[in-house]
There are 2 protein chains.
Amino acid sequence: MGRPKQFDPDVAVEQAMEVFWRKGYSATTPQDLVDALGIGKGSLYHAFGSKHRLFQAALERYRDSQVVDVVAMLEKPGPAKDRLRRVLTCLAEMDLADPDRRGCLAVNTAAELSKSDESAVGLVRRMFDQTEEAFRAVIEEGQRAGEIGPERDARAIGSLLLNTVVGLRLLARVADGPERLSRVIDAVIDSL
Amino acid sequence: MGRPKQFDPDVAVEQAMEVFWRKGYSATTPQDLVDALGIGKGSLYHAFGSKHRLFQAALERYRDSQVVDVVAMLEKPGPAKDRLRRVLTCLAEMDLADPDRRGCLAVNTAAELSKSDESAVGLVRRMFDQTEEAFRAVIEEGQRAGEIGPERDARAIGSLLLNTVVGLRLLARVADGPERLSRVIDAVIDSL
DNA sequence: CGAATTTTGTACCTACAGTTCAAGAAAAAG
DNA sequence: CTTTTTCTTGAACTGTAGGTACAAAATTCG
């Protein structure tokens, strides 16, 4: 009962996510959000409570769209190394093609956050865990397929790949060309 | 001539650097700076013009102290792989031991910056270039010493190592323990 | 010493961040 | 059709961000 919402909260969170992604948490103002979501300030605070709570929702949204997408890309069929290379290349290309150079929201948040924001730290940490785990799964498949040496520590390579993608997405924000990122991808894939 | 400054501008920039490093650019307020530098707002703005100009000075200071330190560590004598491992391990340990988990100011800035802040982008980019170049030099030494295969592309490995250290310092900000970082270091050193 | 120059401390200013509130509008329940 | 509930609009409010202005203080120069 009661008056129905004039906007879709899911859409609103998604739009908020875009703003936080583009500008960062601190630099995003209530006015930015009002403009992006197309609703009044009152509705905004009525629906989401505070800037910080909306940010949390946006982070969760990011996990459920972007991170899940990456994991899904990793789980596609095909040779393990090919999948890995394709995912890394795809991310690097997307990041460089983005005129705003937003990079990855989880990475940006990890860099901007103060340690005291336990809720956001937890979310980011879990996104990283999830990604590492997906990498590890691909490595293990590659090992079962005989493509990657069975003596290698799949978990360690998962960590390496997570670290690589985090680095790539950060470097992409300030890169002046694709060369360095390509070298990184080639080097890391060659090392497998 | 004129009244002499009551504070050392170099010291002030260093203290400002610490604040920006700990809180990030956006989250740092004039009051934070006044408190940290121990001078009045008037003197602050008279001496440095604006928050943004002071930030640039702080970034340059960071390059001249921290980045130069890392490069110096890399240039110490000894086997290339040992040097590389020691530098990576040292950075990871420092980052984890820091109660504020500040990570690296260049990395944090790359993540927080909007692309439109051309001055800061340039500074960060050059710090990255400098670091990559130092890594490459170590690799080439290792190749001359027969420690690393001469067929490997030293520049690509330099990029890989830069990317690795960037990733490590970002992951360190949210890591809940040293394990993942250790795995990354082991994996990347083993790949050389 | 007086003039010129630079720094300092304090007050002040405008704009906006981040949020709250009050009054009304739109629905469902009875 | 009233009551209840929820949402919306818009104004209002407190605090501070970021910076400016000004007069007093400390120095050098002539």
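Everything quoted here is computed from the prediction, not taken from an experiment. Lettering follows sequence order; numbering is per chain, from 1.
Comparing D/dG18, D/dT6, C/dT8 by their closest approach to the side chain of B/F7 singles out C/dT8. Considering only side-chain atoms of B/Q31, the nucleotide from D/dA17, C/dA25, C/dT7 that sits closest is D/dA17. Of the candidates C/dT19, D/dG19, C/dT7, C/dT19 carries the atom nearest the A/P30 side chain, counting heavy atoms from C-beta on. Relative to the side chain of B/T29, the nucleotides D/dA17, C/dT7, D/dT6 differ in distance, and D/dA17 lies closest. Of the candidate nucleotides D/dG19, D/dT6, C/dT7, D/dG19 has the atom lying nearest to any side-chain atom of B/K51.
A close approach under 4.0 Å does not occur between any side-chain nitrogen or oxygen of A/Y45 and OP1 or OP2 of C/dT20. An OP1 or OP2 oxygen of D/dG18 is reached within less than 4.0 angstrom by no side-chain nitrogen or oxygen of B/S50.
D/dT16 atom C1' lies 11 Å from atom CG of B/D32, rounded to whole Å. If you take CG of A/L33 and P of C/dT19, they are 11 Å apart, rounded to a whole angstrom. Atom-to-atom, CG of B/L44 to P of D/dA17 comes out at 13 Å; the value is rounded to the nearest Å. What separates CZ of B/F20 from C1' of D/dG18 is a distance of 12 Å, to the nearest Å. Rounded to a whole Å, the CZ atom of B/R3 is 6 Å from the P atom of C/dT8. If you measure from atom CG of A/D35 to atom P of C/dA17, you get 10 Å, rounded to the nearest angstrom. Remark: P of C/dT20 and CZ of A/R53 are 10 Å apart, rounded to the nearest angstrom. Rounding to whole angstrom units, CG of residue B/L54 and C1' of D/dG19 are separated by 14 Å.
Ranked by how close their nearest DNA chain C nucleotide is to the 5' end, B/K41 and B/K5 are led by B/K5. Positionally, the nearest nucleotide of DNA chain C for A/T28 lies more toward the 5' end than for the other of A/G42 and A/T28. Between B/Q6 and B/Y25, the residue anchored nearer the 5' end of DNA chain D, judged by the nucleotide with its closest heavy atom, is B/Y25.
Checked by atom type and distance alone, the side chain of B/K81 pairs as donor or acceptor with a backbone atom of B/L192 at under 3.5 Å. Without hydrogens or angle criteria, B/R61 side chain to B/V13 main chain gives no donor-acceptor distance under 3.5 Å.
If you check the side chains of A/N108 and A/E112, you find no donor sitting under 3.5 Å from an acceptor. Residues A/D117 and A/S114 bring no donor and acceptor atom of their side chains to less than 3.5 Å of each other.
Salt-bridge annotation for B/K23 and B/D32: present, with a side-chain N of the basic residue lying under 4.0 Å from a carboxylate O of the acidic one.
Among the heavy atoms of the strands, none lies under 4.0 Å from A/F48.
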